[in-house]
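Because the structure is a prediction, the values reported are computed rather than measured. The figures that follow rest on heavy atoms only: side chains count, while hydrogens, waters and symmetry mates do not. Index from 1, following the sequence.
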Amino acid sequence: MMGRFLGLGFTLTLLFSMAQGKVLLYEFLVKETPIEMLCETNRTVLTVNGMFPGPEIRAHKGDTVYINVTNIGPYGLTIHWHGVRQIRYPWSDGPEYITQCPIPTNSSFLQKIVLTEEEGTLWWHAHSDWTRATIHGPIIILPVNDTGYPYSFDVQHTIVIAEWYARDTKEIIDEALASGGDPDLSVAYTINGQPGDSYTCSNGSAYNITVVEGQTYLLRIIHSGLNEEMFFGIADHNITVVGMDGAYLKPLNTNFLMITPGQTMDVLVTANQTPGRYYMVFSPFVDTDAPSNENVTRGIFQYNGSYNHAETPVLPELPGFTNKSDAGNFTIQLKSLNSEEHPSTVPTNITRNITITVSVNQQPCPANQTCTGPDGEMHSASLNNISFWAPSISILQAYYNNLKGVYNETFPDKPPFVFDYTGNVSALGEAANVSTEVLMINYNEEVEIRFQGTNFGAAENHPMHLHGYSFYVVGMGDGNFSDSYISDYNTEDPPYVNTVGLPKNGWTAIRFKADNPGVWFMHCHLERHASWGMDTVLVVRDGKEKHQKVYPPPKDMPPCFVP
């Protein structure tokens, strides 16, 4: 999976001043590629370097990585380095019309990944429409000098779970947004590009790992899927979760995990069972009335040695599709390692308190148009009753160059009105305000955001992702948030992540210090909700000192075409 490493023999004028460790260079070519899947014929999808999943970026903590992204696909797109903080350098963060305009076809953009505190497993993906369905890959960040893991293992493997669609995903979401209806569901899940042997016409293929009895394996699990959360387990084997989203966790022993789109988890598995073949299975977690793909995908964890290799592998016992309690109970057990080498620094002097309601809404059908959403209306989604509308030039460029009229600095710190968020909301209107609002935050503020789920539409768990920051998840629960819950916060060793599941009709509280100036996207990582407007932008102002300000932009930023 390793991308083509280019070495340093380039006569490029690169800004190496930010590099703490080594400087690495990769080449990404975005192009249409025929991928044989489930007996489909004459089908091409967008890939990087012709690979699905895409190439792996491998670096060490503190390195700087340059990726020359060349797009020869049929339309413009962007690429995001998910979980990389990009300190003072939002120019390469990637979300379309937030930090840049799309890379036009037949052009290139030299993007820079600035690695600082990250250590473990992250990933990269396209951040335009639904192109991340097939444009994604791992980012493996090793400890300095490959030493200092807080756990031991013998062999490591990367596992990327993805969703496969029967049609071009850009066509799917463009049609859905035009009609206001539900987008097509995926037709399969894949593990490292293989759907597994549970699908007809899969030719019995499945991703497999061959293991040696007695050895311990580090599995780096990446959920790149668009719209479904997943349970994962390996038959008859316990799993120890040791990392998440590029940070270490206290070891958590479990027989399954629940992982949402956007999240990564590092787990240890010891091959300590009777030699044989064991299924490792991803099975959806579905806690909503919205349409869902309830297929599963299976790989094989198989021992080497002499036994009957023709026997059908053993299946794991995973929670049922709708088992909300098991999903929640797993998540609340996750805790930061909080060791001397990897301490937790949870903000405790909160200077900015923000509450954000998270809703699935409906918008009225435009005049003289037929809509296929609920009640003949259009699907929508919102944060604090604002459904985000992306501008035609990037917000970062508008902010940096002080351009007026692109966005409003009026995203509210609280919902516009108070109601029983998780109760009966049938008497309330479901339409949100469609606009481009950003949330302004001063440099070095200690911020708490309380996400509050609501019972509008098809309520469900929402994986909320913040660019430019990891954050501490200090609290989580069902129902409406109450100030009385603050005394129960975990401020000692909460998990330090970049994506967190907001429980269906529940709340989640996160904290971070606003020490990274720039323009940073915040959104639900269920792609249909993000497309409907479940997004906003955090603008963290520059500090007073030179080292507290956003770096200037590179000269090859993709152009914005203003109508």
Problem - Crowding at CD, Glu117 (>12 non-hydrogen neighbours, <6.0 Å) - result: yes
Problem - Check: Ala126 main-chain N/O paired with Glu96 side-chain donor or acceptor under 3.5 Å - result: no
Completion exercise
Taking every heavy atom of Tyr421 against every heavy atom of Gly453, the minimum-distance pair comes out as CB-O, 3.7 Å
Exercise for the section: Calculate, to the nearest 0.5 Å, the distance between atoms CD and CG belonging to Glu446 and Asp515 respectively. Expected result: 10.0 Å
Practice task
Please list all pairs passing the disulfide (SG to SG under 2.5 Å) test where one or both residues lie in residues 477-516, with sequence neighbours left out.
Solution key: none
Problem - Contact check, side chains of Met265 and Leu257, non-hydrogen atoms, under 4.5 Å - result: yes
Exercise for the section: May I ask you to decide if Thr158's main-chain N or O and Asn192's side chain share a donor-acceptor pair within less than 3.5 Å? Expected result: yes
Fill in the blank from the handout: Tested for side-chain hydrogen bond (donor to acceptor under 3.5 Å, both in side chains) against Asn505, the lone hit among Asp478, Asn455, Thr422 is Asn455
Completion exercise
Which of Ile135, Asp168, Thr169 passes side-chain contact (heavy atoms from CB on, under 4.5 Å) with Leu46? It is Ile135
Problem - Identified side-chain contact (heavy atoms from CB on, under 4.5 Å) partner of Asn498 from the options Val84, Thr264, Leu122, Leu466 - result: Leu122
Enumerate donor-acceptor pairs with a distance under 3.5 Å from any side-chain N or O in residues 224-234 to protein atoms, sequence neighbours excluded.
| residue | atom | partner | partner atom | Å |
| --- | --- | --- | --- | --- |
| Ser224 | OG | His136 | NE2 | 3.2 |
| Ser224 | OG | Ile161 | O | 2.8 |
| Asn227 | OD1 | Glu527 | N | 3.0 |
| Asn227 | OD1 | Arg528 | N | 2.9 |
| Asn227 | ND2 | Tyr165 | OH | 3.3 |
| Glu228 | OE2 | Asn293 | N | 3.3 |

Practice task
State which residues pass side-chain hydrogen bond (donor to acceptor under 3.5 Å, both in side chains) with Tyr248; sequence neighbours excluded, sorted by chain then number.
Solution key: Glu119
Exercise for the section: Please determine which of His80, His127, His462, His125 meets the ring-ring contact (aromatic ring centres under 6.0 Å, His included) test together with His525. Expected result: His125
Exercise for the section: Using modelled atom types only, decide if a donor and an acceptor are shared between the side chain of His82 and the backbone of Gly262 within a distance under 3.5 Å. Expected result: yes
Practice task
Could you grab the distance from atom CG of Asp493 to atom CG of Leu334, nearest 0.5 Å is fine?
Solution key: 11.0 Å
Exercise for the section: Taking only Lys NZ, Arg NE, NH1 and NH2, and the carboxylate oxygens of Asp or Glu, determine whether Lys504 and Glu460 approach each other closer than 4.0 Å. Expected result: no
